[in-house]
*Asks:* 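Starting off with a structure, shown below.
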Amino acid sequence: MTINLAQVFHFSSSMGTHSARSAKDRRRRRLIDYPRRGRRGVRRWLPSWRQWLSAFGLCGGAIGGLFAYVYAAVDIPDENAAAQQEANVYYWADGTQMVSTGDVNRQNIPLDEVPVAVRNAAIAAENASFYSDSGVSPKGLLRAVASMASGGDTQGGSTITQQYVKNTYLSQDQTVTRKVREFVISLKVDRSKSKDEILQGYLNSSWFGRGAYGIEAAAHAYYGIPARKLNPSQGAFLAALLKGAELYDPSVSAAHHRRAKARWSWILDRQVEVGRMGKAERARYRTFPEPLARSRSTSLNAHSGQAGYLVDIANKYVRQRTGLTDKDLARGGYRIRTTFDERRVRQLARAAQRVARRDLAPERREQDRGVEIGAASVRTSDGAVLALYGGADATRHFSNNADTSGVPAGSAFKPFVLAAALQDGVDTGKGATGMTPRRALIEGGHATYLHLGKQIGWQRMREVAVDSGMLPASMGPKEDMFAIGTSTPSAIRLAGAYGTLARGGLQHDPYSVTSVTKDGEEIEGLERPPTRRALDSRVAGRVADALRGAATDSLGRVSSTRGRPVAAGRTTDRDRLRSAWFAGYTPEVSTAVTLFRMRKGDPLLQPLSGVGGKGSRYGNALVERVWTDALRGIDLAPGAGSRLSGAGEPSPAPR
């Protein structure tokens with residue numbers, strides 16, 4: 001057999017090449033050389049630098065891809081319901097806050113109403129790099145996620161933007177998912193909103209304790225002032241509350257006070273450190289700005305007393321004049337400036353409650369059970385409602401006694417019968433009983449006014465009363481007793497009608513709101529009611545003269561400072577219409593006080609005999625005391641208007 005050496009060589013070469021190729025293919029098929037071949041011991045299990053680099057690259061790519069997916073999938077949501085809620089805020093006549101209403105005590109304000117020093121305090125305390133960062137803190141996110149994943153406590157470290165996003169767009173749930181969404185949305189918000197817009201939203205949405213959301217509510221809660229009046233020291237304290245209001249309210253305990261003072265001092269120092277306050281200015285703030293000992297959040301949900309009645313009257317007036325509905329007002333966000341005078345409201349409430357405590361004993365006397373008092377004061381010059389007393393407490397007694405229209409006016413109505421007679425030239429000489437209408441007004445004689453009423457006629461008496469300021473719906477039906485007060489005006493309307501007499505016959509409808517704004521825009525329809533002439537000035541003067549005689553008879557000799565007398569009309573013990581009234585005025589203010597008695601489950605007024613014990617004269621003495629006490633110290637004080645006196649001092653109320 002012949003052997004071809006060339007073929008043998010070719011075969012051998014082919015086999016060698018095939019073997020080498022097979023080995024290479026086997027190495028290629030093993031994509032990851034791990035455990036590493038050709039290494040012994042521990043080194044066989046240690047990845048190479050290429051393997052480390054590949055692993056990091058793979059992880060980074062996966063995380064980047066996941067983040068890109070999440071970033072694309074998560075949009076900026078609509079604001080949550082809580083973030084959209086605002087309170088309606090009501091202001092006293094002098095512009096200070098009276099009360100806020102709504103489930104959330106917050107009043108959003110523009111950033112330019114927050115002093116720069118207050119903004120700087122919040123930034124220094126919470127996020128010094130706010131104006132330069134991207135709106136997120138990756139380290140804070142990792143810490144929070146790691147802590148929550150391991151079951152630990154919630155971690156802080158969020159930026160102002162992240163806190164704003166949490167407050168405005170998300171819930172307060174502490175979950176990894178919520179935290180990741182917060183991070184992504186914060187990035188997008190930082191790109192879509194300006195830093196000032198974010199800071200404004202943050203300061204308006206943050207929780208400050210004492211029921212206050214936002215810097216405006218917080219300023220009122222802790223210092224009783226609007227945010228625009230905060231000084232840098234006060235701003236530093238409020239910024240301390242952002243870390244946890246429940247830990248830093250100084251009024252809670254001595255420990256809270258120490259924490260608050262320490263953090264306040266740190267925030268001031270921190271502002272110097274980050275360049276937001278000079279050292280010289282910092283040196284001026286060495287005394288801790290003690291907040292009010294008790295909350296001034298003025299939230300109606302926690303506010304008892306007269307606030308509910310005041311809000312009731314203001315809302316009623318706004319609905320009548322602007323067309324806003326209860327549903328509109330319930331949405332919140334309205335700023336309502338009222339005519340109410342805080343000092344007068346408190347004085348009127350003290351007077352009514354003092355009489356109730358001193359002269360009524362429902363636990364001992366059955367006749368005193370169910371007794372109610374209502375009162376209102378109206379400025380005579382223009383009809384502004386200055387004060388009212390609606391009952392013991394708006395959170396327990398829901399009907400407003402100052403605005404009720406079911407209590408007969410009795411003899412307090414007689415001045416308008418006299419005015420009608422004088423206006424029409426009806427003979428007001430001695431009547432059938434030999435008594436003049438002026439004398440009958442003082443002594444409470446009914447027969448004279450019943451006779452006068454027949455001469456005038458029901459329609460004319462009604463017209464004069466309505467022209468003077470009473471509502472047509474309160475006038476009641478035509479009847480023989482109409483002249484002695486079967487009509488049922490509210491205390492507000494009767495005070496306003498007496499104001500017409502005080503103003504020489506010029507009438508002004510009572511009003512309780514001067515302006516309403518929402519989102520900085522003023523609501524139309526709240527122009528001041530016009531002035532019109534209801535009575536001839538000479539007629540008003542003659543009626544006023546008779547009322548001064550009635551005031552003297554009730555209250556003692558009338559004197560005045562600067563020649564300003566007091567005039568009054570009232571029910572007497574001859575009135576048996578189950579109500580007691582005292583209405584009177586100085587040139588500045590007209591006040592009407594009523595007293596009546598109710599029984600649970602019975603819509604009819606109950607008798608007043610025995611109310612207040614001996615000497616109360618069917619409750620008439622009690623309403624006189626309320627009226628006198630309400631004005632004493634305000635209109636009746638030296639230099640402040642008229643003064644009631646007997647031998648130089650207010651006459652003692654009869655017992």
*Asks:* Can you list the residues that meet the side chain to side chain donor-acceptor pair (under 3.5 Å) rule with Thr594, with sequence neighbours excluded?
*Replies:* none
*Asks:* Side chains of Thr486 and Pro408: closer than 4.5 Å at any heavy-atom pair?
*Replies:*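 No; the side chains remain at least 4.5 Å from each other.
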*Asks:* If you look at every heavy atom in Ser100 and Gln107, which pair is closest and at what distance?
*Replies:* CB-NE2, 4.1 Å
*Asks:* Restricting to salt bridge (charged side-chain N to carboxylate O under 4.0 Å, His left out), what partner residues turn up for Arg599, sequence neighbours left out?
*Replies:* Asp602
*Asks:* So which atom in Arg570 and which in Ile442 form the shortest heavy-atom distance, rounded to 0.1 Å?
*Replies:* NH1-O, 2.7 Å
*Asks:* State plainly whether the residues Arg350 and Asp629 are in salt-bridge range, i.e. N to O under 4.0 Å.
*Replies:* no
*Asks:* Hydrogens and angles aside, do Arg462 and Gln459 bring a side-chain donor and acceptor to less than 3.5 Å of each other?
*Replies:* no
*Asks:* Salt-bridge test for Asp545 and Arg542: reply yes if a basic N is under 4.0 Å from a carboxylate O, no otherwise.
*Replies:* no
*Asks:* Would you list the pairs meeting ring pair (Phe, Tyr, Trp, His ring centres under 6.0 Å) in which at least one residue belongs to residues 328-360, sequence neighbours left out?
*Replies:* none
*Asks:* Is Glu363 atom CD crowded by more than 12 heavy atoms from other residues, nucleotides or ligands, each under 6.0 Å away?
*Replies:* yes
*Asks:* Can you confirm whether Glu588 sits close enough to Leu631 that some side-chain heavy atom of one is under 4.5 Å from a side-chain heavy atom of the other?
*Replies:* no
*Asks:* Do any pairs count as a salt bridge (Lys or Arg N to Asp or Glu O under 4.0 Å) and have a residue in residues 409-418, sequence neighbours left out, and if so which ones?
*Replies:*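 Non-adjacent pairs meeting salt bridge (Lys or Arg N to Asp or Glu O under 4.0 Å): zero.
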*Asks:* Verify the ring-centre separation between Tyr498 and Phe416: is it less than 6.0 angstrom?
*Replies:* yes
*Asks:* Which residues pass the salt bridge (charged side-chain N to carboxylate O under 4.0 Å, His left out) test with Asp341, sequence neighbours left out?
*Replies:*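 Testing Asp341 for salt bridge (charged side-chain N to carboxylate O under 4.0 Å, His left out), a comparison that skips the adjacent residues, returns none.
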*Asks:* Would you confirm whether Gln97, through its side chain, and Pro226, through its main-chain N or O, come within 3.5 Å as a donor-acceptor pair?
*Replies:* no
*Asks:* Side chains of Asn88 and Glu86: do they bring a donor and an acceptor to under 3.5 Å?
*Replies:*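 Side-chain D/A pair, Asn88 to Glu86: absent.
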*Asks:* Side-chain contact test, heavy atoms from C-beta onward, threshold under 4.5 Å: evaluate it for Met598 versus Leu605 and give yes or no.
*Replies:*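 The answer is yes; the side chains approach within 4.5 Å.
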*Asks:* Does any non-hydrogen side-chain atom of Leu360 lie less than 4.5 Å from one of Val611?
*Replies:*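 A side-chain contact under 4.5 Å exists here.
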*Asks:* Search all heavy atoms of Ala580 against all heavy atoms of Asn620 and return the closest pair with its distance.
*Replies:* CB-OD1, 3.5 Å
*Asks:* Could I get the full list of side chain to side chain contact (heavy atoms under 4.5 Å, CB included) partners for Ser405, not counting sequence neighbours?
*Replies:* none
*Asks:* Is it the case that atom CZ in Arg538 sees more than 12 heavy atoms from other parts of the structure closer than 6.0 Å?
*Replies:* no
*Asks:* Parallel, tilted or perpendicular: which one describes the rings of Tyr511 and Tyr317, with boundaries at 30° and 60°?
*Replies:*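 The arrangement is tilted - the two ring planes meet at 30° to 60°.
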*Asks:* Are the side chains of Tyr585 and Val378 in contact, using a 4.5 Å heavy-atom criterion?
*Replies:*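 Contact flag for Val378/Tyr585 side chains = no.
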*Asks:* Under 3.5 Å, which donor-acceptor pairs link side chains of residues 468-475 to any protein atom two or more places apart or in another chain?
*Replies:*
from, atom 1, to, atom 2, distance (Å)
Ser468, OG, Val464, O, 2.8
Ser474, OG, Leu471, O, 2.8

*Asks:* Could you tell me whether the side chain of Asp573 and the main chain of Arg617 form a donor-acceptor pair under 3.5 Å?
*Replies:* no
*Asks:* For Ala495 and Ala376, work out which heavy atoms get closest and say how close.
*Replies:*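 So the minimum-distance heavy-atom pair works out to CB-O, 3.7 Å.
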*Asks:* Which residues pass the side chain to side chain contact (heavy atoms under 4.5 Å, CB included) test with Ala387, not counting sequence neighbours?
*Replies:* Arg344, Val345, Leu348, Ser377
*Asks:* Which heavy-atom pair separates Ala540 from Gly505 by the least distance, and what is that distance?
*Replies:* CB-N, 3.5 Å
*Asks:* List the residues meeting side chain to side chain donor-acceptor pair (under 3.5 Å) with Thr96, not counting sequence neighbours, and say none if there are none.
*Replies:*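 For Thr96 the side chain to side chain donor-acceptor pair (under 3.5 Å) partners, ignoring immediate neighbours, are Asp94.
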*Asks:* Ring pair (Phe, Tyr, Trp, His ring centres under 6.0 Å): which pairs involve residues 374-401, sequence neighbours left out?
*Replies:* none
*Asks:* Does a donor on one side chain sit under 3.5 Å from an acceptor on the other, for Ser251 and Arg210?
*Replies:*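 Distance-only check passes for Ser251 and Arg210.
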*Asks:* For residues 474-493, pull every pair meeting salt bridge (Lys or Arg N to Asp or Glu O under 4.0 Å), keeping only residues two or more places apart or in separate chains.
*Replies:* Arg493-Asp509
*Asks:* Taking atom types as modelled and ignoring hydrogens, do the side chains of Asp328 and Thr325 form a donor-acceptor contact shorter than 3.5 angstrom?
*Replies:* yes
*Asks:* Is there any salt bridge (Lys or Arg N to Asp or Glu O under 4.0 Å) pair reaching into residues 521-533, and which pairs are they, with sequence neighbours excluded?
*Replies:* Asp382-Arg528
*Asks:* With heavy-atom distances below 4.5 Å as the criterion, would you say the side chains of Leu388 and Ile313 are in contact?
*Replies:* yes
*Asks:* For Tyr618, look at atom OH and say whether over 12 heavy atoms of other residues, nucleotides or ligands are found less than 6.0 Å away.
*Replies:*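 Counting neighbours around OH of Tyr618, 12 or fewer heavy atoms of other residues, nucleotides or ligands fall under 6.0 Å, so no.
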*Asks:* Please check this pair: side chain of His508 against backbone of Pro529, looking for a donor-acceptor N/O pair closer than 3.5 Å.
*Replies:*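 Between the backbone of Pro529 and the side chain of His508 there is no qualifying donor-acceptor contact (under 3.5 Å).
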*Asks:* Kindly give the heavy-atom pair with the smallest separation between Ala394 and Gly308, and that separation in Å.
*Replies:* CB-CA, 3.6 Å
